[in-house]
K.L.:
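Shown below is the structure under consideration.
Order of listing sets the numbers, starting from 1, for every ligand and every atom in it. Source: prediction; values computed, not measured.
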Amino acid sequence: MRILGVESSCDETGLAVFDTEAGLLAHGVHSQVAMHAEYGGVVPELASRDHIRRVIPLTRAVLKQAGLGLADLNAIAYTRGPGLAGALLVGAGFANALAAALGIPALGIHHLEGHLLSPLLADPRPEFPFIALLVSGGHTQLMRVDGVGRYQLLGETVDDAAGEAFDKTAQLLGLGYPGGPALSKLADGGHPYRFKLPRPMLNSGDLEFSFSGLKTAVLTLVKKEGLENKADIAAGFQAAVVDVLAGKCLAALKQTGLKRLVVAGGVGANRALRARLDVEMAQRHCLVFYPPLDLCTDNGAMIAFAGGMRLGQGLPAADGRFGIRPRWELAELERADPGRSGVSPPA
Ligand code: KG4
Ligand code: ZN
């Protein structure tokens with residue numbers, strides 16, 4: 001089975017072809033980062049318009065890269081939600097129209113399921129069950145994953161997401177948008193313990209997270225110190241986030257007795273986080289898995305792959321109706337959920 005994957009939930013247009021026998025055949029991403037940078041964040045209307053411009057050329061490019069034509073596709077998987085309504089509509093409209101024209105199924109995929117399963121695109125791949133740390137610009141969640149479609153939320157952020165905290169802190173340090181990678185680079189040259197920053201909820205006894213207090217602490221620090229020592233501030237911030245994320249992962253493994261951890265989402269690309277988790281997991285004889293580095297941030301490969309997994313297991317992912325779900329909890333994605341809600345209006 002060959003599946004075309006279409007991702008358009010936010011500011012990346014991602015297309016990919018995944019073959020359930022041969023694996024990932026091609027993938028391409030167009031990032032809108034430069035376009036949104038001058039506004040300091042994603043402008044939804046501009047995002048939608050850019051997806052429209054990119055989706056067809058990118059589809060042609062990945063098919064060419066895979067050496068395939070449209071007639072070689074067996075299904076089209078697209079991000080049904082969550083995300084920006086207008087942006088989702090572009091991918092959903094395109095995928096459904098193309099699938100109808102080709103007479104093949106269109107599969108509406110949950111964006112976070114894509115991220116969650118993306119470490120299975122790497123080698124070696126984790127076996128179920130595992131704990132997943134999902135850390136992106138919009139989400140910070142710990143989940144127990146027992147199989148495709150079998151997700152149990154163990155804890156999540158009560159305020160900002162980890163990526164959001166990176167982005168907001170980067171902005172405070174004058175690093176532009178999105179600041180995660182830039183902040184992480186700056187932190188490499190700084191002293192992580194020069195300034196004392198809080199580790200919010202690290203010892204809260206549950207698996208919830210909070211990052212807005214840390215961002216406020218950085219703001220107070222910047223007001224006091226100025227930006228002269230910004231590498232040290234960046235390093236201090238990063239160390240605090242890494243401490244909290246690693247601490248909660250360990251707590252989740254202990255609570256469930258599981259031995260495998262999977263890290264997904266944009267912040268999963270952070271090198272300090274990876275280095276820390278590698279050490280902690282090795283010490284405990286646990287295994288940690290990451291998606292390939294270029295598949296940490298939004299992409300079409302993870303959507304095509306999730307579509308392939310669902311198809312392969314006979315799980316419903318489509319009902320032949322056109323639909324998006326801008327707001328959609330992963331926990332709602334029951335194994336038997338046919339995603340039958342059709343078009344739900346943006347909340
Ligand atoms: O998963 P993703 O591409 O999009 C969402 O679904 O949100 O994640 C993007 C987030 C942004 O907040 C970005 O700053 C952050 O991931 N990010 C990083 C790094 N690379 C991306 N944060 C810290 N360190 C990085 N190396
Ligand atoms: Zn994402």
K.L.:
Where the closest heavy atom to atom 22 (N) of ligand 1 is concerned, which of Ala187, Ala272, Gly180 has it?
P.N.:
Gly180

K.L.:
Which part of His139 is near ligand 1, with near meaning a heavy atom under 4.0 Å away: side chain, backbone, both or neither?
P.N.:
neither

K.L.:
By number and element, which atoms of ligand 1 are closer than 4.0 Å to a non-hydrogen atom of Gly138?
P.N.:
7 (O)

K.L.:
Distance alone, cut at 3.5 Å: any donor-acceptor contact between the side chains of His30 and Thr13?
P.N.:
no

K.L.:
Of all heavy-atom pairs between Gly86 and Ser48, which one has the smallest distance, and what is that distance?
P.N.:
C-OG, 3.3 Å

K.L.:
Just checking: His111, one of its N/O/S atoms, less than 2.8 Å away from the Zn ion (ligand 2), yes or no?
P.N.:
yes

K.L.:
Considering only heavy atoms, does Asp167 approach ligand 1 within less than 4.0 Å through its side chain, its backbone, both, or neither?
P.N.:
side chain

K.L.:
Leu68 and side chain to side chain contact (heavy atoms under 4.5 Å, CB included): which single residue from Val62, Val17, Leu4 fits?
P.N.:
Val17

K.L.:
Do His111 and Asp298 pair up side chain to side chain, a donor and an acceptor below 3.5 Å, judged on atom types alone?
P.N.:
yes

K.L.:
Near Ser136, which atoms of ligand 1 are under 4.0 Å from a heavy atom of that residue?
P.N.:
1 (O), 5 (C), 6 (O), 7 (O), 8 (O)

K.L.:
Considering both backbone and side-chain atoms of Arg271, is one of its nitrogen or oxygen atoms within less than 3.5 Å of a nitrogen or oxygen in ligand 1?
P.N.:
no

K.L.:
Should the pair Arg53-Asp50 be classified as a salt bridge under the 4.0 Å nitrogen-to-oxygen rule?
P.N.:
yes

K.L.:
Suppose we measure from atom 2 (P) of ligand 1 to each protein heavy atom; which comes out shortest, and what is that distance?
P.N.:
Asp298 OD1, 3.6 Å

K.L.:
Answer with yes or no after comparing the ring centroid distance for Phe166 and Phe211 against a 6.0 Å cut-off, counting only values under it.
P.N.:
no

K.L.:
Is there a heavy atom of His111 sitting under 4.0 angstrom from any atom of ligand 1?
P.N.:
yes

K.L.:
Report yes if some N/O of Asn270 lies less than 3.5 Å from some N/O of ligand 1; otherwise report no.
P.N.:
yes

K.L.:
Relative to the heavy atoms of Thr297, which atoms of ligand 1 are at a distance of less than 4.0 Å?
P.N.:
3 (O)

K.L.:
In terms of relative ring orientation, are His110 and Trp328 parallel, tilted or perpendicular, with 30° and 60° separating the classes?
P.N.:
tilted

K.L.:
So for His115, does at least one of its heavy atoms come nearer than 4.0 angstrom to any atom of ligand 1?
P.N.:
yes

K.L.:
Return a yes/no value for Pro178: is any of its N or O atoms, backbone included, closer than 3.5 angstrom to an N or O of ligand 1?
P.N.:
no

K.L.:
Same cluster or not: are Tyr290 and Phe305 linked, directly or through other Ile, Leu, Val, Met, Phe, Trp or Tyr residues, by side-chain heavy atoms under 4.5 angstrom apart?
P.N.:
no

K.L.:
With respect to Ile131, which candidate in Val262, Val145, Leu154, Val288 satisfies the side chain to side chain contact (heavy atoms under 4.5 Å, CB included) definition?
P.N.:
Leu154

K.L.:
How is the N/O/S atom of Asp298 that comes nearest to the Zn ion (ligand 2) named?
P.N.:
OD1

K.L.:
Show me which atoms of ligand 1 lie under 4.0 Å from any heavy atom of Gly163.
P.N.:
12 (O)

K.L.:
Looking at the Zn ion (ligand 2), is there an N, O or S atom belonging to His115 that lies under 2.8 Å away from it?
P.N.:
yes

K.L.:
If every non-hydrogen atom of Lys215 is compared with every non-hydrogen atom of Leu172, which pair is closest and at what distance?
P.N.:
O-CD1, 3.8 Å

K.L.:
Would Gly266 count as being in polar contact with ligand 1, using the rule that some N or O on each side must be under 3.5 angstrom apart?
P.N.:
yes

K.L.:
I'd like to know if Cys10 contacts ligand 1, where contact means a heavy-atom distance under 4.0 Å to any ligand atom.
P.N.:
no

K.L.:
Does one hydrophobic cluster hold both Leu295 and Leu277, with members joined at side-chain heavy-atom distances below 4.5 Å?
P.N.:
no

K.L.:
Just by distance, with hydrogens left out, do Asp160 and Ser212 show a side-chain donor and acceptor under 3.5 Å apart?
P.N.:
no

K.L.:
Counting only nitrogen or oxygen atoms and a 3.5 angstrom limit, does Gly137 reach ligand 1?
P.N.:
yes

